[in-house]
Amino acid sequence: RVGSIASPVSDVTGSRVFDDELDSWARARARSMLQHCIDSLPEKSLVVSGGAKQGPDAWATEFMVERGRAKDVRLYMLTGDVVMPPKRVLRSWVPEHPRIDTSDRQKWPLYRNEMMLDEVAAKAREWNAHPEVFGLEALWSQTKGTAQTLTYADRLGLPVVRSTWNRTI
């Protein structure tokens, strides 16, 4: 099966550039893969993502909302908020004692990615659950947030399902 997200705690990460070419085969296939993974989730799964307005973050939210499961989504916004769709602010993801200088907003996207995965790992421990990270990585992306997120997941020992795409596809 493509992607084995069958865990109560999952992180979805992916390159936003998949949405740059709306009619591309890669975009259609990546959306299909993610939709299959979302459809495979158990009923009470928590899905965590970065809350981007395009690409895999947006698709995961769209698929969960379409299934009536918005309450099971946590979006880590660059405002510093954790949001449940459509716009319910639950709390801040910025810790009281951060590991970085949070006044430097340029570092927030990568730090936010780490905070998301820290929550996935913590929730998995708390619920005695199997966590998983699903990543759709586009090698042509100028940003490297997806790669950084997946590398951090590996460092935490979280199981990673990684789908890497080359632009020639």
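What you see is a predicted model, and the numbers here were worked out from it, not measured in a lab. Hydrogens, waters and symmetry mates play no part in the numbers below; they use all other heavy atoms, side chains included. Start at 1 with the first residue, then count along the sequence.
Annotation for C37 and F134: closest pair SG-CE1, 3.6 Å, computed over non-hydrogen atoms. The shortest non-hydrogen separation linking L117 to A153 is CD1-N, 3.6 Å. Smallest separation of non-hydrogen atoms from V94 and W108: CG2-CH2, 3.5 Å. Here the shortest heavy-atom pairing between G55 and D19 reads N-OD2, 2.6 Å. Minimum interatomic distance between L75 and P85 (heavy atoms only, all atoms of both residues): CD1-CG, 4.0 Å.
By the side chain to side chain contact (heavy atoms under 4.5 Å, CB included) test, L110 is found to be paired with N113, Q148, residues two or more places apart in sequence or in another chain being considered. D39 meets the side chain to side chain contact (heavy atoms under 4.5 Å, CB included) test with Q35, R67; sequence neighbours excluded. For D72, the side chain to side chain contact (heavy atoms under 4.5 Å, CB included) test picks out M64, R69, with sequence neighbours left out. Scored by the salt bridge (Lys or Arg N to Asp or Glu O under 4.0 Å) test, E62 finds R31 as partners (sequence neighbours excluded). Residues meeting the side chain to side chain donor-acceptor pair (under 3.5 Å) test with R162, sequence neighbours left out: E137.
When the side chains of ILVMFWY residues are joined at heavy-atom separations under 4.5 Å, either directly or via intervening members, V65 and L34 end up in two distinct hydrophobic clusters.
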Subject >> Stepwise side chain to side chain contact (heavy atoms under 4.5 Å, CB included) test for K87 and M77 >> reply: CA-CA 11 Å; K87 293 183 181 181; M77 309 304 289; over 6 Å; no
Original post:
Taking it one step at a time, do T146 and L136 satisfy side chain to side chain contact (heavy atoms under 4.5 Å, CB included)?
Top reply: CA-CA 8 Å; T146 301; L136 292 165; over 6 Å; no
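A 4.5 Å side-chain heavy-atom check between R16 and T143 finds at least one atom pair inside the cut-off. A heavy-atom distance below 4.5 Å is found between the side chains of T149 and D11. In this structure the side chain of Q54 reaches within 4.5 angstrom of the side chain of D20, judged on heavy atoms.
More than 12 heavy atoms of other residues, nucleotides or ligands shown are found within 6.0 angstrom of CD on E126.
Within the structure, salt bridge (Lys or Arg N to Asp or Glu O under 4.0 Å) contacts touching residues 42-55 (residues at least two apart or in different chains) do not occur.
Between W165 and F18, the two ring planes are perpendicular [angle over 60°; tilted spans 30° to 60°].
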